[in-house]
Peer 1: 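Quick one: the structure is below, and I'll ask about it shortly.
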Amino acid sequence: MNGAEYIVRKLISEGVDTLFGYPGGCVMPLYDALLESPIRHILCRHEQGTAFAANGYARSSGRIGVCLATSGPGATNLMTGLADAYMDSVPMVAITGQVPTALIGTDAFQEIDVLGMSLPITKQSFLVQAIDELPEILDQAFRIALEGRPGPVLVDLPKDIQLATLSEPTIPHLSGERISNTTTPAQWQQAIELMNTSRRPIIYGGGGILLGDAVSPFRQFVETTGIPAVFSLKGLGALPGDHPLNMGMLGMHGSVAANQVVQEADLLIAVGVRFDDRVTGKLSRFAPHAQVIHLDIDPAEIGKLRQAVCALPGDIKQSLKALTIKLNLLDWQSQCLERLEQDGFALPAQDGITGPHFMRLLSQTTRGQAIISCDVGQHQMWVAQHYAFDHPRKHLTSGGLGAMGFGLPAAIGAQLANPEIPVINVAGDGSFMMNAQELATIGRYRLPTKIIILDNQALGMVRQQQSVCYQGRYSEIDLSDNPDFCTLARAFGIPAQSISDPDDMAYAINKLLETPGPALLHVAIATEHNVWPMVKPGDANDQIITGANP
């Protein structure tokens, strides 16, 4: 068989049933080989859309997402999606066409050094230089994407390699996954001693809980120890949103209660987190009284930003199980619950439709069981604050990279991976326009994905920071010339409705969810509505702003 045919067989052997791509000259042999395969190819309308769709597929399913693009601009358009997957540790394999090997380095038509461009934003990148290298490289790509801390891998594939014949018959096999664990019983015992002597412990949970397939042992750990938990953006859902020990999100737009208990804690048990600046605020003043126990699959994260007195590298499932002991924390639990009741996320005054009111109602209507795919901005924070997720796989958000345009194509990938689960893209008007062309993908495949656009006719998060940090000097945030989003959706064959009255919210949400196939709901909100609370960039978390502009 030739290289292209081998790739298709390899994808099948790895269980790939859906891939996302956009054809072009240097990847044409692979597209030809796909014609006879059972793999479902989804034609997105921009290569960035293919990468984000594969990203959403992987996040919502735990399986590797696969995307294809041609050389040159096709490959460069994938880069943002790969960077997003790298920052958020999402397992992906991207295959890009490349000019024939004899033309590499000659500035040939649509030639770009994809290997060099992708190295900083992938776990590993490969340029296949000979046909006999192909089987081993593909084995490595699928193994590396999943093993340890997951992430994206890129395989750059010259056109002549796709057409070349393998020198001997090769049967693709499953690459497998390897989990390393380097924590010792002595380290677990040290952590248990710290837990037993602590009076004000707090669990700080992040995306590694999901990536480590540790949701169940994490929940058992919380309930058995009785330690209250706070979460990063990517950790939301690791504990049900209505769980009595769930203090919610901390950090820049976290609750006063969550930030306050971390500042008072004497022990911080960090589970699958990287102490991101949006969480810690001014690092030197974050959890100032707390000793740190840090659990992470990636040893490089432990001590990178905050020194741990007890490091537990390796498989966090094993560590969580080893640390699951009963503690007597009734007084501390009561204090935390009281703080949550007083200073948890509150609804603002009802002034027209507000993001918090709408998200709280959406959460109640779906009972936290829909997959919510966010874009980036104020709506993203309102979802994080007011939607009570029952599992972290149902919260798709661009955390580390903060990529506008993520939500719609990621929702496409999630819907294809989870055809029986409601998938809702919650977007802002600015973010939605970044990849609005993917309405054509939803329309073509008649995906039942729902779209909600919170339209404040502004780049809301930028506007808010200009208001709070730049004395209200607004620069290039006006989007009052937005298109009619309902007309735009209908042009792609997607039914749409628009609301501006809060009394219409319940009816509109129910109508949206009950509409067969795709549907869009346009929600008009006021430009001046901000996300509260807020910690200014560079400030400490105890300098949180709770309401009106300072």
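Since this is a predicted model, take the numbers as computed values, not measurements.
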Peer 1: Please report the shortest heavy-atom distance between Thr354 and Pro348, naming the atom on each side.
Peer 2: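 Taking every non-hydrogen atom into account, OG1-CG, 3.9 Å.
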Peer 1: Which residue pairs pass the side chain to side chain donor-acceptor pair (under 3.5 Å) test with at least one member in residues 323-335, sequence neighbours excluded?
Peer 2: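 Every pair satisfying side chain to side chain donor-acceptor pair (under 3.5 Å) with a residue in residues 323-335: there are none.
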Peer 1: Could you give me the CA-CA distance, side-chain angles and deciding distance for Tyr474 and Gln466, then say whether side chain to side chain contact (heavy atoms under 4.5 Å, CB included) is met?
Peer 2: CA-CA 6 Å; Tyr474 300 121; Gln466 289 176 349; 3.7 Å; yes
Peer 1: Please check if the number of heavy atoms outside Arg360 that lie under 6.0 Å from its CZ is greater than 12.
Peer 2: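 Above 12, so yes.
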Peer 1: Do you know the tightest heavy-atom contact between Gly208 and Ile316?
Peer 2: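 The pair with the smallest heavy-atom distance is O-CD1, 3.2 Å.
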Peer 1: Rounded to the nearest 0.5 Å, what separates atom CD in Gln189 from atom CD in Glu193?
Peer 2: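 That separation rounds to 5.0 Å.
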Peer 1: Surrounding CE of Met433 (heavy atoms of other residues, nucleotides or ligands, distance under 6.0 Å), is the total greater than 12?
Peer 2: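 Not more than 12 within 6.0 Å, no.
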Peer 1: For residues 195-204, which residue pairs pass the side chain to side chain donor-acceptor pair (under 3.5 Å) check, not counting sequence neighbours?
Peer 2: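 Those involving residues 195-204 are Ser198-Asp266.
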Peer 1: List for me each residue that meets salt bridge (charged side-chain N to carboxylate O under 4.0 Å, His left out) alongside Asp88, sequence neighbours excluded, and say none if there are none.
Peer 2: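 Listed in chain order: Arg59.
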Peer 1: Using every non-hydrogen atom in the two residues, find where Gly56 and Leu396 come nearest and quote the distance to one decimal.
Peer 2: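 Taking Gly56 first and Leu396 second, the nearest heavy atoms are O-CD1, 4.1 Å.
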Peer 1: Looking at Asp375 and Gly428, would you say the former's side chain and the latter's main chain have a donor-acceptor pair under 3.5 Å?
Peer 2: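 No.
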Peer 1: I'd like to know if the side chain of Thr225 and the backbone of Phe221 have a donor-acceptor N/O pair within less than 3.5 Å.
Peer 2: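 Side chain of Thr225 to backbone of Phe221: a pair is present.
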Peer 1: Check whether any side-chain heavy atom of Val153 lies under 4.5 Å from a side-chain heavy atom of Phe126, and answer yes or no.
Peer 2: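 Yes, close enough: below the 4.5 Å cut-off.
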Peer 1: Pick from His529, His379, Gln378: which one makes a side chain to side chain donor-acceptor pair (under 3.5 Å) with Asn456?
Peer 2: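 Among the candidates, only Gln378 passes.
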Peer 1: Quick one: do Glu14 and Lys10 make a salt bridge, cutoff under 4.0 Å?
Peer 2: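 Looking at Glu14 and Lys10, the cut-off is met.
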Peer 1: Could you check whether Arg274 pairs with Asp276 (Lys NZ or Arg NE/NH1/NH2 to Asp/Glu carboxylate O, under 4.0 Å)?
Peer 2: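 Between Asp276 and Arg274 there is a salt bridge, with a charged N closer than 4.0 Å to a carboxylate O.
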Peer 1: Return yes if some donor-acceptor pair links the side-chain N/O of Ser398 with the main-chain N/O of Ala403 below 3.5 Å, else return no.
Peer 2: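 Yes, Ser398 side chain to Ala403 backbone: donor-acceptor pair under 3.5 Å.
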Peer 1: Hey, what do you get for CG (Leu408) to SG (Cys374), rounding to the nearest 0.5 Å?
Peer 2: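 One gets 12.5 Å once the value is rounded to the nearest 0.5 Å.
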Peer 1: Report yes if the side chains of Arg219 and Pro240 come closer than 4.5 Å at any heavy-atom pair, otherwise no.
Peer 2: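 A side-chain contact under 4.5 Å exists here.
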Peer 1: Do Leu245 and Ile227 have side chains that approach each other closer than 4.5 Å (heavy atoms only, starting at C-beta)?
Peer 2: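 No, too far: nothing below the 4.5 Å cut-off.
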Peer 1: Which residues satisfy the salt bridge (charged side-chain N to carboxylate O under 4.0 Å, His left out) test with Arg463, sequence neighbours excluded?
Peer 2: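 Partners of Arg463 under the salt bridge (charged side-chain N to carboxylate O under 4.0 Å, His left out) test: none.
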Peer 1: Can you give me the closest heavy-atom contact between Cys469 and Lys536, atom names plus distance?
Peer 2: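 Looking at all heavy atoms of both residues, the closest pair is SG-CG, 4.1 Å.
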Peer 1: Strictly distance-based, threshold 3.5 Å: is any side-chain N or O of Lys317 a donor or acceptor partner for the main-chain N or O of Ile209?
Peer 2: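 Side chain of Lys317 to backbone of Ile209: no pair is present.
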Peer 1: Any donor and acceptor pair, going by atom type alone, linking the side chain of Asn435 with main-chain N or O of Glu438 inside 3.5 Å?
Peer 2: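 No: the side chain of Asn435 does not pair with the backbone of Glu438.
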Peer 1: Return yes if a side-chain donor-acceptor contact under 3.5 Å exists between Tyr470 and Ser475, otherwise no.
Peer 2: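 Per modelled atom types, Tyr470 and Ser475 side chains form no pair under 3.5 Å.
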Peer 1: One thing to verify: whether Arg143 and Asp139 come together as a salt bridge, which I'm taking to mean a side-chain N less than 4.0 angstrom from a carboxylate O.
Peer 2: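 Arg143 and Asp139: not salt-bridged.
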Peer 1: Kindly indicate, with the supporting measurements, whether the criterion side chain to side chain donor-acceptor pair (under 3.5 Å) is fulfilled by Ser467 and Gln464.
Peer 2: CA-CA 5 Å; Ser467 171; Gln464 176 166 343; over 6 Å; no
Peer 1: When you compare the side chains of Gln318 and Thr183, does any donor N or O come within less than 3.5 Å of an acceptor on the partner?
Peer 2: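 No.
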Peer 1: Do Val215 and Asp213 have side chains that get closer than 4.5 Å, going by heavy atoms?
Peer 2: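 No, their side chains stay 4.5 Å or more apart.
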Peer 1: Can you find a pair of side-chain heavy atoms, one from Trp382 and one from Leu454, that are under 4.5 Å apart?
Peer 2: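 Sidechains of Leu454 and Trp382: in contact.
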Peer 1: For residues 299-319, which residue pairs qualify under ring pair (Phe, Tyr, Trp, His ring centres under 6.0 Å), counting only residues two or more places apart or in two chains?
Peer 2: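 For residues 299-319, and leaving out neighbouring residues, there are no ring pair (Phe, Tyr, Trp, His ring centres under 6.0 Å) pairs at all.
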Peer 1: Determine, step by step, whether Leu68 and Leu19 satisfy the side chain to side chain contact (heavy atoms under 4.5 Å, CB included) criterion, reporting the C-alpha distance in whole Å, the side-chain angles of both residues, the deciding distance to 0.1 Å, and the verdict.
Peer 2: CA-CA 8 Å; Leu68 306 179; Leu19 56 84; 3.6 Å; yes
Peer 1: Give, for atom OG1 of Thr224 and atom CD1 of Ile325, the distance between the pair rounded to the nearest 0.5 Å.
Peer 2: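 Rounded to the nearest 0.5 Å, the OG1-CD1 separation comes to 10.0 Å.
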Peer 1: May I ask you to decide if Ala75's main-chain N or O and Thr96's side chain share a donor-acceptor pair within less than 3.5 Å?
Peer 2: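 Between the backbone of Ala75 and the side chain of Thr96 there is no qualifying donor-acceptor contact (under 3.5 Å).
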Peer 1: Taking the side chain from Arg63 and the backbone from Gly15, do they hold a donor-acceptor pair closer than 3.5 Å?
Peer 2: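 Side chain of Arg63 to backbone of Gly15, a donor-acceptor pair under 3.5 Å: yes, one is there.
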Peer 1: Passes side chain to side chain contact (heavy atoms under 4.5 Å, CB included), Asn55 versus Phe406? Steps please.
Peer 2: CA-CA 9 Å; Asn55 194 316; Phe406 170 86; 3.9 Å; yes
Peer 1: To check you understand the geometry: which heavy-atom pair defines the closest contact between Cys67 and Leu78, and what is its length?
Peer 2: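 Answer, listing the atom of Cys67 first, then Leu78: SG-CD2, 4.1 Å.
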Peer 1: Between Glu223 and His243, does any side-chain donor sit less than 3.5 Å from a side-chain acceptor?
Peer 2: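 The answer is yes; a qualifying pair exists.
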Peer 1: Could you measure the distance from the CD atom of Gln48 to the CG atom of Leu82? Nearest 0.5 Å is fine.
Peer 2: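 One finds 10.5 Å between CD of Gln48 and CG of Leu82.
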Peer 1: Could you tell me whether the side chains of Thr50 and Glu47 share a donor-acceptor contact shorter than 3.5 Å?
Peer 2: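 Short answer, no.
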Peer 1: Side chains of Leu250 and Phe286, heavy atoms from C-beta outward: is any pair under 4.5 Å?
Peer 2: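 Yes - at least one pair of side-chain heavy atoms lies under 4.5 Å apart.
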Peer 1: Distance from Leu211 atom CG to Ser89 atom OG, nearest 0.5 Å?
Peer 2: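 Those atoms lie 5.5 Å apart.
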Peer 1: Got a second to check how far Met79's CE is from Asp84's CG, nearest 0.5 Å?
Peer 2: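 CG of Asp84 is found 14.0 Å from CE of Met79.
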Peer 1: Tell me if a side-chain donor or acceptor on Asn418 pairs with a main-chain N or O of Ala414 at a distance below 3.5 Å.
Peer 2: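 Answer holds: yes.
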Peer 1: Taking Gln369 for the side chain and Ile421 for the main chain, is one N or O donor matched with an acceptor at less than 3.5 Å?
Peer 2: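 No; zero donor-acceptor contacts below 3.5 Å.
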Peer 1: Begin with the C-alpha distance, continue with both residues' side-chain angles, and end with the deciding distance and a verdict on side chain to side chain donor-acceptor pair (under 3.5 Å) for Asn259 and Asp542.
Peer 2: CA-CA 7 Å; Asn259 283 317; Asp542 54 11; over 6 Å; no
Peer 1: Applying side chain to side chain donor-acceptor pair (under 3.5 Å), which residue pairs with at least one partner in residues 291-303 are found, sequence neighbours left out?
Peer 2: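 Matches after skipping sequence neighbours: Arg149-Asp298, Arg149-Glu301, Glu301-Lys304.
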Peer 1: For residues Asn541 and Arg285, determine if any side-chain heavy atom of one lies less than 4.5 Å from a side-chain heavy atom of the other.
Peer 2: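 In short, these two side chains do not touch, never coming nearer than 4.5 Å.
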Peer 1: Flag the pair Val309 / Leu194 as yes when at least one side-chain heavy-atom distance between them is below 4.5 Å, and no otherwise.
Peer 2: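 Val309 reaches Leu194 side chain to side chain.
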Peer 1: Does Ile293 form a side chain to side chain contact (heavy atoms under 4.5 Å, CB included) with Leu312? I'd like the steps, not just the answer.
Peer 2: CA-CA 7 Å; Ile293 301 170; Leu312 304 180; 3.8 Å; yes
Peer 1: Look only at the side chain of Gln187 and the backbone of Thr184, and say whether a donor-acceptor pair between them is shorter than 3.5 Å.
Peer 2: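 Yes: the side chain of Gln187 pairs with the backbone of Thr184.
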Peer 1: For a quick test of reading the model, state the closest non-hydrogen atom pair linking Ser255 to Asp343 and the distance between them.
Peer 2: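 For Ser255 versus Asp343, the nearest heavy atoms are CB-O, 3.7 Å.
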